[in-house]
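This one's a predicted model, so the numbers in the text were calculated from it and none came from an experiment.
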Amino acid sequence: MNYSRSIKKASIGKRIVISWLIVAAVFSLIGLGIGVLIPQSGAADIEPEEVSPDVLIYGAPDGKIYEGGFPESYELENDFVFTTEIPVTFGEDLQEFTYYLSAAYDIDYTLVLAIISKESAFMPDGISSTNDYGLMQINACNHEWLTEELGITDFIDPYENIKAGLFILRGLFEKYDSTSKVLMAYNMGENGASKLWEQGIFESNYSKDVLQKQETYRQILGWAAIEGSAESD
């Protein structure tokens, strides 16, 4: 999976002329003197307004990062269901972690399972010949900016890897209006996918395979089929 992001470099500061420092110092002294002469008007009587922390949803459009926990009113469409029909390398704790993090991202859990199945067959320590890492096959070109954004340092660790993959997916869902386009961009990168879109191609073998696997997992979990899918017709 190839998904790149440009990183802004810090600009180089200009040299400061000595004479300007002298002028600035003089004005600072003048300002200090005025501040001493004028009494402070009720500053001590004003309490700073307490700002309550916002509810942080991982990958939401406001760009904030989810740090754990859901508001009491947060409702999930389906309850978490552990299944042994998913390979044993993807155990109950990791399934539950993926389920709730997917919910925080507002991404269908079974879609995430389908992507993991397609990308790595649930093998957490896989590294491809094109430097794609772990369960969600996070390409090495993404590691630096994901480390800066999320603090991830081990892209083979299954929990860290899923954090990275879902972060990327949420960003793509905010940009594209169909799941197939999101899957194409995730699989071949946005540049590669856009070339196909320009030709009027809006699905690929990869996207079709993932969506088919998604329906399989919904059946395993006893969830209703996705509206518009072949199974729901």
In terms of the angle between their ring planes, are Tyr109 and Trp223 parallel, tilted or perpendicular, with boundaries placed at 30° and 60°? tilted
Hits for side-chain contact (heavy atoms from CB on, under 4.5 Å) against Ile201, two or more places apart or cross-chain, chain-then-number order -> Leu196, Gln199
The residue among Leu135, Asn161, Ile127 that forms side chain to side chain contact (heavy atoms under 4.5 Å, CB included) with Ile156 is Ile127
Straight-line distance of Ser120 OG to Asp132 CG, nearest 0.5 Å: 10.5 Å
Are Ile152 and Asp157 close enough, and set up right, to give a side chain to side chain contact (heavy atoms under 4.5 Å, CB included), and what steps lead you there? CA-CA 9 Å; Ile152 294 172; Asp157 178 85; over 6 Å; no
Could you pull out all residues at least two apart from Asp108 that satisfy salt bridge (charged side-chain N to carboxylate O under 4.0 Å, His left out)? Arg218
Who are the ring pair (Phe, Tyr, Trp, His ring centres under 6.0 Å) partners of Phe122, not counting sequence neighbours? Phe90
Give the C-alpha distance, both sets of side-chain angles, the deciding distance and a yes or no for side chain to side chain contact (heavy atoms under 4.5 Å, CB included) between Trp197 and Tyr176. CA-CA 12 Å; Trp197 301 335; Tyr176 302 114; 3.5 Å; yes
Residues passing the side-chain hydrogen bond (donor to acceptor under 3.5 Å, both in side chains) test with Thr83, sequence neighbours excluded, are none
Would you kindly say whether Glu119 and Tyr206 are connected by a side-chain donor-acceptor distance under 3.5 Å? yes
Would you mind reporting whether Met188 and Lys195 have side-chain heavy atoms less than 4.5 Å apart? no
Side chains of Tyr217 and Glu85: donor-acceptor distance under 3.5 Å anywhere? no
Identify the two heavy atoms, one from Met136 and one from Val112, that lie closest to each other, and give their separation to 0.1 Å. CE-CG1, 4.4 Å
Measuring from atom CD1 of Ile168 to atom CD1 of Ile115, what distance do you get when rounded to the nearest 0.5 angstrom? 10.5 Å
Applying side-chain hydrogen bond (donor to acceptor under 3.5 Å, both in side chains), name anything that partners Lys181, two or more places apart in sequence or on another chain. none
Between CG on residue Leu113 and CD on residue Gln214, distance to nearest 0.5 Å: 9.5 Å
Is there a side-chain contact between Ile220 and Thr110, using heavy atoms and a 4.5 Å cut-off? no
Which pair of non-hydrogen atoms, one from Glu92 and one from Phe80, has the smallest distance, and what is that distance? O-CZ, 4.0 Å
Assign the ring pair Phe155 / His143 to parallel, tilted or perpendicular, where the plane angle (0 to 90°) is split at 30° and 60°. parallel
Hey, what do you get for CD1 (Ile138) to NZ (Lys163), rounding to the nearest 0.5 Å? 13.0 Å
Test ring pair (Phe, Tyr, Trp, His ring centres under 6.0 Å) applied to Phe173 - qualifying residues, sequence neighbours left out: none
Distance check, rounded to the nearest 0.5 Å: Asp106 atom CG versus Arg170 atom CZ? 5.5 Å
Can Val210 be reached from Met123 by stepping across I, L, V, M, F, W or Y side chains whose heavy atoms are under 4.5 Å apart? no
Tell me the closest heavy-atom pair linking Ala164 and Leu146, and the distance in Å. CB-CD1, 3.9 Å
CA sep, side-chain torsions, deciding dist, call: Leu150, Phe167, side chain to side chain contact (heavy atoms under 4.5 Å, CB included): CA-CA 9 Å; Leu150 305 177; Phe167 192 84; 3.6 Å; yes
Determine whether Phe82 and Tyr100 fall in the same hydrophobic cluster, where Ile, Leu, Val, Met, Phe, Trp and Tyr are linked whenever their side-chain heavy atoms lie under 4.5 Å apart. yes
Just jot down the ring pair (Phe, Tyr, Trp, His ring centres under 6.0 Å) partners of Tyr159, sequence neighbours excluded, or say none. Phe97
To the closest 0.5 Å, what do you measure between CD (Gln137) and CG (Asn187)? 11.0 Å
Counterpart residues, salt bridge (charged side-chain N to carboxylate O under 4.0 Å, His left out), relative to Asp209 (two or more places apart): Lys118
For the backbone of Tyr133 and the side chain of Asn139, can you confirm whether one donor and one acceptor N or O come within less than 3.5 Å of each other? no
Could you work out, with side-chain contact (heavy atoms from CB on, under 4.5 Å) as the rule, every residue matching Ser207, not counting sequence neighbours? Ser180, Leu183, Met184, Glu203, Ser204
